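Here's the structure, in structure tokens; my notes come after.
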Amino acid sequence: MSALLEPWDGDIAKARRLQAQLAMQLVLEDDFPTPLRSLGGFDAGFEAEGTVTHAAALLMDADTLQPTAQRIARLPTCMPYIPGLLSFRELPALLAALAGLPQPPQLAFIDGHGIAHPRRLGIAAHFGIATGLASIGVAKKPLCGSFDPPGPEPGDRTRLMHRGAQIGWVLRSKRRCNPLFVSPGHRVSMASAAELVMRCLAGYRLPEPTRLADRLASQRDGR
DNA sequence: GCGACAG
DNA sequence: ATCTTGTCGC
């Protein structure tokens, strides 16, 4: 829960040091309820020329993938977008939306990277440390690391590497669609991260938790 | 030094 | 992220 509500002071170096420190607390092994009963989907968006940040939180049944509750939270935008420091900008809104759900999900899917980050603390990892919940990052584009393109079949994947270590997967979730960049957040193993995303697909490029959260967060109405 | 850079 | 309709390709 460290340094999340403190106002942005512009000190990028300090923020980076905090990320490295928080990343040390990550549990990169499977440690979530089984069998999984509930899943969560989270995504953030902006309104009023970026002055307002809104976040969508969605609770769903792990077996049917049907949403059971949803919540949208709005907060004044606290800082600008700085590559590598995304979580400091969007996490406050995500946490506010999470607090509005009837109960927390047993596993959260976050729109953005988990440990596939320069200091291993993408927004999904930061969300996990801040809440204690198991989390997985699902991003549409890479932030760092190198990789070979995965095969064309759904399920095909290659390792996303950074500084000699695997930080995630480049996963083909659907034919003829650009691959997803999947990485563990907190309390989820590298192998399970990809498997869990595959298990949540329903015919679209994005797994249901993030797909529905994306749709909710970017709807023109309800604002 | 130069280029890249989640959302 | 956001401004935004139709259009090309599978």
Side-chain angles (χ1 to χ4, degrees), chain A residues 4 8 12-13 15-16 19-20 22-23 26 41-58 72-97 108-130 135-147 152-154 160-163 167-186 193 197 203-207 209-223:
Chain A
L4 294 177
W8 173 241
I12 293 179
R16 293 209 240 256
Q19 292 183 314
L22 292 175
L26 289 170
F42 298 81
D43 184 37
F46 301 87
E47 309 168 19
E49 303 170 344
T51 60
V52 174
T53 299
H54 65 249
L58 197 140
I72 292 182
R74 291 184 178 66
L75 292 177
T77 298
C78 60
M79 64 172 274
Y81 166 67
I82 298 174
L85 298 185
L86 175 70
S87 66
F88 292 99
R89 170 175 161 88
E90 304 186 348
L91 198 51
L94 292 186
L95 297 180
F109 283 70
I110 315 293
D111 190 353
H113 294 290
I115 62 170
H117 176 281
R119 291 165 295 284
R120 309 295 186 266
L121 198 82
I123 189 167
H126 199 158
F127 178 97
I129 290 298
S135 62
I136 293 178
V138 179
K140 305 173 193 64
K141 297 185 295 185
L143 172 61
C144 67
S146 58
F147 60 93
E153 304 303 318
L160 176 58
M161 305 295 290
H162 182 63
R163 295 180 185 173
I167 57 175
W169 299 100
V170 183
L171 178 69
R172 184 131 272 148
S173 55
K174 181 180 180 181
R175 284 185 185 256
R176 294 181 234 91
C177 284
N178 292 324
L180 260 28
F181 294 82
V182 179
S183 59
H186 188 43
V197 167
Y204 298 88
R205 178 164 83 123
L206 295 176
T210 50
R211 187 182 73 84
L212 296 177
D214 259 44
R215 187 174 67 59
L216 220 195
S218 58
Q219 285 184 315
R220 171 50 185 167
D221 56 292
R223 290 186 179 176

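Throughout, protein chains are lettered first and strands after them, A, B, ... in sequence-line order, and every chain is numbered starting at 1. Computed from a prediction, not measured in an experiment: that's the story for all the values here.
In this structure, Ile123(A) reaches the bases: a heavy-atom distance under 4.0 Å links it to at least one base atom across the strands shown. Among the heavy atoms of the strands, none lies under 4.0 Å from Pro118(A). Arg89(A) comes within 4.0 angstrom of a nucleotide base, judged by non-hydrogen atoms across all strands. Within the 4.0 angstrom heavy-atom criterion, no nucleotide atom of any strand lies near Gly137(A). Within 4.0 Å of Leu180(A), counting heavy atoms only, lies no atom of the nucleic acid at all.
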Might you work through the side chain to side chain contact (heavy atoms under 4.5 Å, CB included) test for His126(A) and His117(A), ending with a clear yes or no? CA-CA 11 Å; His126(A) 199 158; His117(A) 176 281; over 6 Å; no
With side chain to side chain contact (heavy atoms under 4.5 Å, CB included) as the test, would you mind laying out the steps for Val182(A) and Ser173(A) before giving the verdict? CA-CA 10 Å; Val182(A) 179; Ser173(A) 55; over 6 Å; no
Chi angles and distances behind the side chain to side chain contact (heavy atoms under 4.5 Å, CB included) call for Arg215(A), Asp43(A): CA-CA 9 Å; Arg215(A) 187 174 67 59; Asp43(A) 184 37; over 6 Å; no
For DNA chain C, produce a single dot-bracket line, 5' to 3'. Pairs: Watson-Crick or G-U wobble, both distances under 3.5 Å. Symbols: ( ) within strand, [ ] crossing, | other strand, . unpaired. ..........
Please convert DNA chain B into dot-bracket. A pair counts if it is Watson-Crick or G-U wobble with both distances under 3.5 Å; crossing pairs go in [ ] and bases paired with another strand get |. .......
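Side chains of Arg211(A) and Leu58(A) form no contact here, defined as non-hydrogen atoms less than 4.5 Å apart. Contact annotation: the side chain of Leu143(A) never approaches that of Leu86(A) to less than 4.5 Å [non-hydrogen atoms, C-beta and beyond]. Using a 4.5 Å heavy-atom cutoff, the side chains of Ser183(A) and Ile167(A) are not in contact. Side-chain contact between Gln19(A) and Leu85(A): present, with at least one pair of heavy atoms (C-beta onward) separated by less than 4.5 Å. Residues Glu90(A) and Phe46(A) are in side-chain contact: their nearest non-hydrogen atoms beyond the backbone lie under 4.5 Å apart.
Atom NZ of residue Lys174(A) and atom CZ of residue Arg205(A) lie 10.5 Å apart, to the nearest 0.5 angstrom.
Applying the salt bridge (charged side-chain N to carboxylate O under 4.0 Å, His left out) test to Lys140(A) and every residue at least two apart in sequence or in another chain returns Asp111(A), Asp214(A). Under the rule for a salt bridge (charged side-chain N to carboxylate O under 4.0 Å, His left out), the partners of Glu153(A) that lie at least two apart in sequence or sit in another chain are Arg175(A).
Using a 30° and 60° split on the angle between ring planes, Phe42(A) and Phe127(A) fall in the tilted class, from 30° to 60°. The aromatic rings of Phe88(A) and Trp8(A) are tilted relative to each other, their planes meeting at an angle between 30° and 60°.
You can see that DNA chain B meets the heavy atoms of chain A within a 4.0 Å-exclusive cut from dC5(B) to dG7(B), reading 5' to 3'.
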Between the protein and nucleotides 6-10 of chain C, are there any N/O to N/O pairs under 3.5 Å, and if so, what are the atom names and distances?
residue	atom	partner	partner atom	Å
dC10(C)	O3'	Arg176(A)	NE	2.6

